[in-house]
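Nothing fancy with the numbering, it's 1 onward along the sequence.
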Amino acid sequence: QVQLVESGGRLVQAGGSLRLSCTASGRTFSTYTMGWFRQAPGKERAFVAGISLIGGTIYYADSVKGRFTISRDNAKNTVYLQMNSLKPEDTAVYYCAAMPQWHTKVAVTTIAYDNWGQGTQVTVSS
């Protein structure tokens with residue numbers, strides 16, 4: 001098990017940028033494939049981006065390709081989501097999540113992840 005804490009969410013104007021961080025407890029962070037998801041009011045939680053154990057594989061949802069960048073620093077037990085050119089439709093609670101230990105293939109479904117943070121609110125004003 002790993003405990004995850006997100007930070008960095010806030011109100012930002014359309015076209016602006018934010019960087020979200022997710023810091024994990026413990027000394028085995030490099031053994032977890034990580035993902036970012038988001039959930040807008042009244043909508044299902046949706047995949048945003050995922051990164052494998054040492055960053056060799058990265059996936060993005062089509063809606064954020066070219067605007068968002070996921071990265072990780074295993075020495076700091078942290079995964080990041082750099083969000084540029086933000087749009088009002090990016091408004092959501094953003095969650096980071098970890099897949100079961102040693103799973104190497106990035107998954108895009110919520111059921112594949114078994115550890116979740118509490119979420120951080122991102123609001124993009126038009």
Q: Determine, for Phe29 and Arg72, whether the Lys NZ or Arg CZ falls below 6.0 Å from the six-membered ring centre while staying within 45 degrees of the axis.
A: yes
Q | Heavy atoms of other groups near Ile54 CD1, more than 12 under 6.0 Å | A | no
Q) Same hydrophobic cluster for Ile51 and Val2, using side-chain heavy-atom links shorter than 4.5 Å among ILVMFWY? A) yes
Q. Are any of the side-chain heavy atoms of Arg67 and Met83 separated by less than 4.5 Å?
A. no
Q.
In the structure I gave you, are the side-chain heavy atoms of Gln121 and Thr91 within less than 4.5 Å of one another anywhere?
A. yes
**Q.** Among Tyr94, Tyr95, Trp116, ring pair (Phe, Tyr, Trp, His ring centres under 6.0 Å) partner for Phe37
**A.** Trp116
Q | Leu4 with Val79, same ILVMFWY side-chain cluster at under 4.5 Å | A | yes
Q. Shortest non-hydrogen contact from Pro88 to Ala14?
A. CD-CB, 4.1 Å
Q | Atom pair SG/CD1 of Cys96 and Ile70 - distance to nearest 0.5 Å | A | 9.0 Å
Q | No-hydrogen, no-angle side-chain donor-acceptor test under 3.5 Å, Thr23 and Thr78 | A | yes
**Q.** Atom pair OG1 (Thr33) and NE2 (His103), whose distance is rounded to the nearest 0.5 Å
**A.** 9.0 Å
(Q) Quick check: do Thr104 and Ser52 have side-chain heavy atoms less than 4.5 Å from each other? (A) no
Q) Can you name the closest pair of heavy atoms from Gly35 and Tyr113 and give their distance? A) N-CE2, 3.6 Å
Q: Write out all pairs satisfying disulfide (SG to SG under 2.5 Å) with one or both partners inside residues 28-79, taking only residues at least two apart or from two chains.
A: none
Q.
Any side-chain to backbone donor/acceptor pair from Glu6 onto Gln118? Under 3.5 Å, distance only.
A. yes
Q.
I need the Ser126 OG to Gln13 CD distance, nearest 0.5 Å.
A. 9.5 Å
(Q) Using every non-hydrogen atom in the two residues, find where Pro100 and Ala112 come nearest and quote the distance to one decimal. (A) CD-O, 3.2 Å
Q. Which atom pair, heavy atoms only, marks the closest approach of Leu81 to Ala49?
A. CD1-CB, 4.2 Å
Q: Measure the CG-SG distance between Asn77 and Cys22 for me, rounded to the nearest 0.5 Å.
A: 10.0 Å
**Q.** Joint cluster assignment, Ile58 & Val64, ILVMFWY side-chain distance < 4.5 Å
**A.** yes
Q: Indicate whether the side chain of Ser25 and that of Gln3 have a donor and an acceptor atom separated by less than 3.5 Å.
A: yes
Q: Identify the two heavy atoms, one from Asn74 and one from Leu53, that lie closest to each other, and give their separation to 0.1 Å.
A: ND2-O, 3.1 Å
Q: Taking the side chain as every heavy atom from C-beta outward, state whether Lys105 and Thr57 have any atom pair closer than 4.5 Å.
A: no
Q) Looking at side-chain heavy atoms only, is the closest gap between Thr69 and Tyr60 below 4.5 Å? A) yes
Q) According to a 4.5 Å side-chain heavy-atom criterion applied to Ile, Leu, Val, Met, Phe, Trp and Tyr, with indirect links allowed, do Tyr32 and Phe47 form part of one hydrophobic cluster? A) no
Q: Examine Phe68 together with Trp36 and report whether their ring centres are nearer than 6.0 Å.
A: no
**Q.** Interatomic distance, Leu20 atom CG to Gln82 atom CD [nearest 0.5 angstrom]
**A.** 9.0 Å
Q | Under the salt bridge (Lys or Arg N to Asp or Glu O under 4.0 Å) test, residues paired with Arg38 that sit two or more places apart | A | Asp90
